Amino acid sequence: MKQALLHDVWLVLADAVKQRTPFTLMQLATVGEDGAPKIRTIVLRSFNEASTSLSFITDLRSPKVREITANPCVSLAGFDNERVVQLRIDGRAEIIEDETRRRDFWNALRPHTHILFRSALPPGTVLASPNEMETDDSDPATAYARFCLVEIVISHVERLDLSSEPHRRCSFRQGLHGWEGRWIVP
Ligand SMILES: Cc1cc2nc3c(=O)[nH]c(=O)nc-3n(C[C@H](O)[C@H](O)[C@H](O)COP(=O)(O)O)c2cc1C
């Protein structure tokens with residue numbers, strides 16, 4: 001039963017990166033530079049079951065990149081309102097510097113995603129008005145230099161199912177013999 005649930009989690013994550021599902025967007029929490037939690041929405045971009053890792057993309061200049069560099073411990077949370085299932089994931093994030101991986105990922109993105117990296121102003125810069133954002137620079141090499149691929153190696157998964165009584169909460173960690181699940185009080 002527990003292994004079937006874990007298998008379902010991996011399927012759900014694999015699905016979330018292929019098409020829009022409730023877990024395509026997840027909330028990513030980092031430890032802020034001031035020691036307080038910071039949370040924001042991200043798009044899951046890839047999932048690798050063999051290495052149990054996820055990835056997302058961001059702007060290299062964004063605060064979350066500095067936060068991850070200082071402390072790689074991150075958490076993700078998502079909720080499927082139809083299945084009434086919550087997933088919580090803990091892991092270690094790494095800024096991928098391997099040029100081949102970065103380039104391959106960049107090349108697979110849609111052009112409208114490349115545009116997100118064209119702002120000359122770093123994310124979080126104070127603006128006098130939203131129109132100031134029009135100061136784009138359009139050089140593709142500069143946009144690529146700002147592109148950041150982040151990989152999260154999963155260390156803990158928790159699945160909470162509220163769809164029937166009794167509610168079911170199962171926690172999974174990697175043990176000596178692979179992933180091991182435990183039922184916990186919801
Ligand atoms: C639907 C949605 C999807 C988003 N996807 C991403 C994403 O994949 N990567 C990202 O860096 N920011 C994404 N954002 C913006 C972040 O939530 C956040 O506002 C921004 O990255 C700044 O975060 P930071 O200041 O903590 O670095 C998304 C926001 C929304 C509403």
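Position 1 is the first residue of the sequence, and the numbers go up from there. Just follow the structure's listing: the first ligand is 1, and inside any ligand the first atom is 1. Computed from a prediction, not measured in an experiment: that's the story for all the values here.
A cation-pi arrangement, defined by a distance under 6.0 Å to the six-membered ring centre and an angle within 45 degrees of its axis, is absent between Arg103 and Phe147.
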Using a cut-off of under 3.5 Å, which N/O atoms of ligand 1 pair up with protein N/O atoms, and what distance separates each pair?
| from | atom 1 | to | atom 2 | distance (Å) |
| --- | --- | --- | --- | --- |
| ligand 1 | 8 (O) | Val43 | N | 3.0 |
| ligand 1 | 9 (N) | Ile57 | O | 2.9 |
| ligand 1 | 11 (O) | Thr58 | OG1 | 2.6 |
| ligand 1 | 11 (O) | Lys64 | NZ | 3.1 |
| ligand 1 | 14 (N) | Thr41 | O | 3.2 |
| ligand 1 | 17 (O) | Thr41 | N | 3.3 |
| ligand 1 | 17 (O) | Thr41 | O | 2.8 |
| ligand 1 | 21 (O) | Lys64 | NZ | 2.6 |
| ligand 1 | 23 (O) | Lys64 | NZ | 3.2 |
| ligand 1 | 26 (O) | Arg40 | NE | 2.8 |
| ligand 1 | 26 (O) | Arg40 | NH2 | 2.7 |
| ligand 1 | 27 (O) | Lys64 | N | 3.1 |
| ligand 1 | 27 (O) | Lys64 | NZ | 2.9 |

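Side-chain atoms of Asn71 and Glu67 include no donor-acceptor pair closer than 3.5 Å.
No donor-acceptor distance shorter than 3.5 angstrom exists from the side chain of Arg159 to the backbone of Phe172, with no hydrogens or angles considered.
Pairs passing the ring-ring contact (aromatic ring centres under 6.0 Å, His included) check and including a residue from residues 22-51, sequence neighbours excluded, read Trp10-Phe47.
In the hydrophobic clustering, Val153 connects to no other residue, as no ILVMFWY side-chain heavy atoms lie under 4.5 Å from its own.
With sequence neighbours left out, the side-chain contact (heavy atoms from CB on, under 4.5 Å) criterion links Thr69 to Val65, Ile95.
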